[in-house]
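Each remark here refers to the structure printed beneath this line.
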Amino acid sequence: MRKKEVSVFCGPACSKRGTDVLTLLTLLHFMVDGICGAALAEYAVNQPFMEPILYYFGLYNAFAFGTQWLTGSLFDRRPNLLRSSFLFAAAALAAGTVSDFGIGVQAVLLGIGNSVFHAAAGGYVLRRYETYKELGIFVSSGAIGLALGLNCMVGVYPFAAACTALSLAATWRLFRADDASAGSNRPAGISGKGTAENGVEGRGTTGAVAASLVLLLGCVVLRGLGSGTAYSPYVMLFPCVFAAGKALGGILCDRAGYKSTILIIFLLCFVALQRSGLAASVLLVLAFNMTMPLTLRLAHWCNPKYPGLMFGLAAGCLLPGVYFHGFFIAPQAMAVLQFLCLAAAGYLLQKQVGKPA
């Protein structure tokens, strides 16, 4: 990220420590989504009717995405609960693979385990790291794991075993004595006029902050609707595009700056809309997913004391794309609205903490 934007959107350059933590959480994200996909696919392949499949997939998503704001808020208010969150999530996910419980119970358990993991790990990444690339890398792996599970390329037991092992490793690594400060309720990476104590929240500009959050969450809804309609006979193609877009968006924002990044995303959308076919769809979905680390980081700025809540709210806004695959908004309108939402939210938050240095 350019130096002049650091004080507004990130704070000082973040420490190089903790790369192993990011790697661990990214791998665990892959396994968590993979185990959910594999367990649901195990039910679906033996179910001759589509209606119950859609119902139980919807039930799973309601818990997995719809409750993250609740679990995230709980972790923000009771950070000590983070110490057991990964093991709890692993236990719930493992129980969700037991077919004797019935698919209804399985769907709820899988959704709860997914929700707990994402709220805990997502809030941790927002709190611990200061730039965009870590967010992009963390969220990138889930789509690939989910696709591998849903398409029965990897079975439930390998995912479950790896998920349990990585959860044990995460519990040990994240909360060692020399890393205990990362579990505090003070968000990392916010300094100067942008601290939680005297920054956006402390200046009492609740109207502008609320407007910024609404714009950012609206952008997430658009991204979910745009990506949710992406289908291809190449079952791994679009999940890999999802992952690449999320990681690329974060890396590009750190290198080129927020304003340049949203302009590049808009130009990629414009180029994609001038073409047709698979290549155009891939480029458009790539551009849509590049917005994810941006919306997460700026949503955190709207309420820096509650990273888990902010991560959960953004996750919940993906639900329309899950449920309404046939919901039609013209791609041209999506591209323009997405750009306007990101630009307006960035401008409002920039005004809250002063112009870039």
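Start at 1 with the first residue, then count along the sequence. Because only heavy atoms are used, hydrogens play no part in the values below, and waters and symmetry mates are left out as well, while side chains stay in. Since this is a predicted model, take the numbers as computed values, not measurements.
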What's the spacing between [X] [atom1] and [Y] [atom2] if we round to 0.5 Å?
X	Y	atom1	atom2	answer
N151	M236	CG	CE	7.5 Å
Q106	F101	CD	CZ	8.5 Å
L348	L213	CG	CG	11.5 Å
H300	L126	NE2	CG	5.5 Å
L319	L225	CG	CG	11.0 Å

Minimum side-chain heavy-atom gap F63-N114 below 4.5 Å: no
Can you find a heavy atom in the side chain of V21 that is under 4.5 Å from one in the side chain of Y124? yes
Within the distance-only criterion (no hydrogens, no angle test), does the side chain of [X] pair as donor or acceptor with the backbone N or O of [Y] below 3.5 angstrom?
X	Y	value
N289	K246	no
S141	T26	yes
S260	G257	no

Is the count of non-hydrogen atoms from other residues, nucleotides or ligands lying under 6.0 Å from F57 atom CZ greater than 12? yes
When you look at OH of Y43, are more than 12 heavy atoms from neighbouring residues, nucleotides or ligands closer to it than 6.0 Å? yes
Parallel, tilted or perpendicular: which fits the ring planes of F117 and F138, with parallel below 30° and perpendicular above 60°? tilted
Over 60° means perpendicular and under 30° means parallel, so classify the ring planes of H29 and H118, tilted if in between. perpendicular
For residues T71 and S115, is any side-chain donor paired with an opposing acceptor at under 3.5 Å? yes
